[in-house]
There are 2 protein chains.
Amino acid sequence: MEIAILLFDDLTALDAVGPYELLKLMPEARVRFVAKRPGPQRMNGGNLVLLADDGLGDVIHPEIVVIPGGPGAKLALRDPEILGWVKTVHETSRWTTSVCTGSLILGAAGLLRGLKATSHWLAREALRQFGAEPVAARYVQEGKIITAAGVSAGIDMALMLVGLECGEKTAQAVQLGLEYDPQPPFDAGAPDKAPQAIVELLQSRAQGR
Amino acid sequence: MEIAILLFDDLTALDAVGPYELLKLMPEARVRFVAKRPGPQRMNGGNLVLLADDGLGDVIHPEIVVIPGGPGAKLALRDPEILGWVKTVHETSRWTTSVCTGSLILGAAGLLRGLKATSHWLAREALRQFGAEPVAARYVQEGKIITAAGVSAGIDMALMLVGLECGEKTAQAVQLGLEYDPQPPFDAGAPDKAPQAIVELLQSRAQGR
């Protein structure tokens, strides 16, 4: 079970590392970190560097594809080499998935036309430009394509995917191994739960970019 | 606000990257990844490499210290250089924290004697050898020491810490930015919630190591 996680500069590390930590626990899983230019990829924020061991041409038939998001997705979704790779691996993948604004990369590759999809709540409407129908959900499955909401949603999506691939018992074992029993000390993780002033703060910051 | 996250080989990446993703959003935060040997650190599972830019001697007065866990913690907690660094940074830190079996490293450094603490549920009892009192909790605060439970608990702990340091509004903004509104598709994230057979499976695997 080969799993390819795309890396690029200025992505949000947790988008990639969350799913990695769960998917790598599937039996026979082999995770490969893939980038246009193999080697160090500097994450959003600048202080964390992840290494991509493989180039795009090294991994062309992964069973599972994970496309993370983050500020760097804006460049990635205009990169013909990256979009070409996404189209190619999707042809033979069992599952093509995204986290956060990684869904915009799937969209730019033409994979979401006519499909329901989700993304970071601040970026969801941008899915329309790629012919997708934005949905406010933790993750959305359309055939073999699964798009997850912002950053931490990749963990829930990956757990669901472990269940689909390996069954409920394996998914439960993975969840218990990671002690994934979330108890956030605040309840502001979605725009309909957070105070309106906080929602507007993040909206204005996003527009300022 | 300098934040030091200790890296070592064979740690669980999410232990480090979860807190990183939240703590780096605090105003004026500067996260530094620190290792005994700066450079590439191969994470548990072998396919993910994080870079440590700094050596132990480069970061000696961080305000926040994060000690992650994972299989490599067994070696780290016997390493006099690492334990010496943990003791040193704890002298002047505002917060000394751990995720998962990182608490065993705090324990080995002598910081948990007479204190309540937590760890990954499979490792909790091992805290007793360091004079700590194990507690089944998502995280435990004792003065300026905060220990979190297994892997994903570092996210909850870090969110709590953002609230302590910067107030509820900043914590809510961080939570909303990461869309941390967890909705795990299974409910097996703690030993008292998972099926007994799954609990026993992980216990027997851990004993086999």
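All values reported here derive from a predicted model rather than from experimental measurement. To find a chain, count down the sequence lines: A is the first, B the second, and so on, and within it residues start at 1.
- No part of B:Q41 comes within reach of chain A, as not one of its non-hydrogen atoms sits under 4.5 angstrom from that chain.
- For the set A:L50, A:L178, A:T12, the count of heavy-atom pairs under 4.5 angstrom toward chain B peaks at A:L178.
- Put simply, of B:L51, B:N47, B:L176, B:V49, the one with the most heavy-atom pairs under 4.5 Å next to chain A is B:L176.
- Heavy-atom distances place the side chain of A:E21, and not its backbone, under 4.5 Å from chain B.
- The closest donor-acceptor contact from the side chain of A:K24 to the backbone of A:V31 lies at 3.5 Å or more, if one exists at all.
- The closest side-chain heavy-atom distance from B:M26 to B:E28 is not below 4.5 Å.
- The residue among B:K169, B:Q175, B:K193 with the most heavy atom pairs within less than 4.5 Å of chain A is B:Q175.
- For A:P195, the part lying under 4.5 angstrom from a heavy atom of chain B is the side chain only.
- Using a distance-only test at 3.5 Å, with no hydrogens or angles considered, no donor-acceptor pair links the side chain of B:E125 to the main chain of B:A123.
- A donor-acceptor contact shorter than 3.5 Å links the side chain of A:H120 to the backbone of B:G177.
- For the set A:W121, A:Y139, A:F33, the entry with the most heavy-atom pairs within less than 4.5 Å of chain B is A:W121.
- The nearest pair of heavy atoms linking A:S103 to A:T147 is CB-CG2, 3.9 Å.
- Interface summary for chain B: among A:L48, A:L25, A:V17, A:L122, the most heavy-atom pairs under 4.5 angstrom belong to A:L48.
- Heavy atoms only, all atoms of each residue included: A:A148 and A:T118 are closest at C-CG2, 3.4 Å.
- Between the A:Q141 side chain and the A:G143 main chain, a donor and an acceptor come within less than 3.5 Å of each other.
- With a threshold of 4.5 angstrom between heavy atoms, A:A173 approaches chain B through its backbone and through its side chain.
- For the set A:D15, A:I5, A:V174, A:N44, the count of heavy-atom pairs under 4.5 angstrom toward chain B peaks at A:N44.
- Within residues 54-61 of chain B, no residue has any heavy atom closer than 4.5 Å to a heavy atom of chain A.
- At least one side-chain heavy atom of B:L106 sits less than 4.5 Å from a side-chain heavy atom of B:V86.
- For chain A, the nearby part of B:A194 is the side chain; its heavy atoms alone come within less than 4.5 Å.
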Exercise answer: donor-acceptor pairs, residues 153-167 of chain A side-chain atoms, under 3.5 Å, sequence neighbours excluded:
residue : atom : partner : partner atom : Å
A:D156  : OD1  : A:Y180  : OH           : 2.6
A:D156  : OD2  : A:R138  : NE           : 2.6
A:D156  : OD2  : A:R138  : NH2          : 3.3
A:D156  : OD2  : B:Q183  : N            : 2.8
A:E165  : OE1  : A:R94   : NH2          : 3.4
A:E165  : OE2  : A:R94   : NE           : 3.0
A:E165  : OE2  : A:R94   : NH2          : 2.6
A:E165  : OE2  : A:W95   : NE1          : 2.8

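- Under a cut-off of 6.0 angstrom, the local environment of CZ in A:R128 is crowded, with over 12 non-hydrogen atoms contributed by other residues, nucleotides or ligands.
- Using a 4.5 Å heavy-atom cutoff, the side chains of A:V99 and A:P19 are in contact.
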